[in-house]
Amino acid sequence: MFRTTRASAVLALLTVLLGVAVAVACGKEGSPPSKGPAADKLPNYEVAQGFQLPESPTWTRAKKRGYLIVGVKEDQPYLGEKDPATGAYSGFDIEIARMMSASLGFDPQTIRFRTIASANRETALQNGQIDFYVGTYTINANRRKLVGFAGPYYMAGQSLLVRADENDIHGPQDLDGKRVCSVTGSTPYQRIKEDFPKAVLVAYDTYSVCVDNLLTYQVDAVTTDDAILIGYAAKLPDELKVVGKPFSEEPYGIGVPHGDNALRFALDDALEAREKNGDWKKAYEATLGLSGVPAPTPPPIDRYPAGS
Ligand code: GLU
């Protein structure tokens with residue numbers, strides 16, 4: 001009896017998911033999908049003419065190449081999403097990458113985006129696979145030993161996503177014995193492991209796989225930043241909800257190769273300028289803001305000195 005109910009619930013959810021996929025795909029034809037990034041409201045970022053940054057090895061290499069290569073996520077609604085049909089990327093992080101590109105003198109249309117999972121960000125920056133990384137990347141002391149960070153440009157906080165009919169989980173204190181999914185190499189994974197050891201931690205490479213596991217009753221909760229979880233919940237409001245209050249601070253930075261302080265400071269300047277001229281807010285409102293949270297005041301830039 002229980003099995004049948006469960007199986008039909010899973011089937012119903014998959015049908016809903018398929019419906020969403022079809023609706024999103026159809027949205028491309030005419031008006032933008034009601035809950036996707038509002039393409040028509042996105043700012044046009046003016047490309048800085050004659051911009052030079054010869055002190056930055058990363059910028060110099062990109063200049064020779066003619067375009068930037070930026071690491072991002074592809075499965076995070078409103079933040080970094082790749083349209084499977086067109087291959088086009090959209091979301092708040094993507095907009096941050098585009099405005100940074102314009103400020104560094106590169107036409108944002110020419111950026112090559114590369115999807116890089118949380119666990120591979122530092123290596124990708126160290127190997128020169130990407131010029132910089134914009135994808136819900138928390139600035140912290142451990143990572144700063146391996147890479148540099150411009151920003152922060154947004155402040156998120158760790159939270160929990162559960163099925164809409166879940167009544168027992170209200171915060172991380174309720175996770176004892178529960179199956180909780182997060183992503184390898186992420187700060188939320190690490191926090192559950194250290195601070196809530198009685199939770200049964202399940203790890204994958206991406207949050208969308210965690211969400212699939214939640215919808216099919218393989219896990220009881222997904223944990224990561226509220227900004228990410230709110231996006232998934234907004235896409236499936238009848239199936240998913242975010243519960244409790246954020247229980248950490250996750251300042252999002254732009255990851256740059258370690259030691260390229262010229263690039264880091266140029267990105268700090270660019271972020272400050274885009275926050276001042278309104279581009280940051282416009283980009284937020286056309287992307288992450290669509291998940292229902294009004295534009296916050298961006299956190300102050302932490303221009304930490306070279307060598308620290
Ligand atoms: N902001 C957290 C982190 O950088 C979680 C999101 C992510 O995995 O990108 O680890």
| request: For the pair Glu166 (side chain) and Asp168 (backbone), establish whether a donor and an acceptor sit closer than 3.5 Å, ignoring hydrogens and angles. | output: yes
| said: Suppose the criterion is ring pair (Phe, Tyr, Trp, His ring centres under 6.0 Å): which pairs have a residue in residues 262-298, not counting sequence neighbours? | reply: Phe92-Trp280, Phe92-Tyr284, Trp280-Tyr284
| request: Verify the ring-centre separation between Tyr137 and Phe149: is it less than 6.0 angstrom? | output: yes
| query | So do the side chains of Ile116 and Ile130 get within less than 4.5 Å of each other, counting heavy atoms only? | reply | yes
| Are the side chain of Ser101 and the backbone of Ala97 linked by a donor-acceptor contact shorter than 3.5 Å? | no
| query | Between Phe196 and Arg191, is there a cation-pi geometry (under 6.0 Å to ring centre, at most 45° from the normal)? | reply | no
| Salt bridge flag under 4.0 Å for residues Lys282 and Glu285 | no
| message | Any carboxylate oxygen within less than 4.0 angstrom of a Lys/Arg side-chain nitrogen, looking at Glu122 and Arg143? | response | yes
| message | Would the distance check show the side chain of Lys63 and the main-chain N or O of Phe106 forming a donor-acceptor pair, the cut-off being under 3.5 Å? | response | no
| Rounded to the nearest 0.5 Å, how far apart are OG1 of Thr115 and CG of Asp75? | 8.5 Å
| said: Counting C-beta onward and ignoring hydrogens, is there a side-chain heavy-atom pair between His258 and Leu125 closer than 4.5 Å? | reply: no
| request: Give a yes or no on whether the backbone of Ala85 and the side-chain of Asp83 come within a donor-acceptor separation of less than 3.5 Å. | output: yes
| said: Looking at Thr223, is its backbone amide N or carbonyl O close enough to the side chain of Ser182 to form a donor-acceptor pair, meaning the two atoms are under 3.5 Å apart? | reply: yes
| task | Taking only Lys NZ, Arg NE, NH1 and NH2, and the carboxylate oxygens of Asp or Glu, determine whether Asp131 and Arg61 approach each other closer than 4.0 Å. | result | yes
| query | Once you round to the nearest 0.5 Å, how far does OG1 of Thr136 lie from CG of Leu79? | reply | 6.5 Å
| For the atom pair CZ (Arg163) and CG (Asp238), what is the distance rounded to the nearest 0.5 Å? | 15.0 Å
| field | Straight-line distance of Lys241 NZ to Leu160 CG, nearest 0.5 Å | value | 11.5 Å
| field | Side chains of Ser118 and Lys73, donor plus acceptor under 3.5 Å | value | yes
| field | Within 45° cone of Tyr45 ring axis and under 6.0 Å: Arg274 NZ or CZ | value | no
| said: Could you tell me if Arg114 sits above the aromatic ring of Tyr133, with its cationic atom closer than 6.0 Å to the ring centre and no more than 45 degrees from the axis? | reply: no
| Residue pair Leu175 / Val180: nearest heavy atoms and the distance that separates them | CD2-CG2, 3.7 Å
| message | As a quick check of understanding, evaluate salt bridge (charged side-chain N to carboxylate O under 4.0 Å, His left out) for Lys276 and Glu272, giving each step before the final call. | response | CA-CA 6 Å; Lys276 225 176 178 172; Glu272 230 155 48; over 6 Å; no
| Does any N or O in the side chain of Ser248 come within less than 3.5 Å of the main-chain N or O of Gln158, such that one atom is a donor and the other an acceptor? | yes
| said: Between Arg264 (side chain only) and Gly259 (backbone N and O only), is there a donor and an acceptor less than 3.5 Å apart? | reply: no
| Between Lys235 and Tyr78, is NZ or CZ placed under 6.0 angstrom from the six-membered ring centre and within 45° of the ring axis? | yes
| query | Under 3.5 Å, is there a donor-acceptor pair between the side chain of Asp205 and the main chain of Ala117? | reply | no
| said: Tell me whether Asp225 contacts the main-chain N or O of Ala227 through its side chain, where contact means a donor paired with an acceptor under 3.5 Å. | reply: no
| said: Quick check: closest heavy atoms across Gln173 and His170, and the distance to 0.1 Å? | reply: NE2-C, 4.3 Å
| field | Trp59 side chain vs Gln52 backbone, donor-acceptor pair below 3.5 Å | value | no
| said: Can you list everything that forms a side-chain contact (heavy atoms from CB on, under 4.5 Å) with Val72? Sequence neighbours excluded, please. | reply: Val70, Tyr89, Ile94, Phe113
| Side-chain donor-acceptor contact under 3.5 Å, Asp226 with Ser159 | no
| task | For Glu250 and Thr187, test the side chains for any donor-to-acceptor distance below 3.5 angstrom and give the result as yes or no. | result | yes
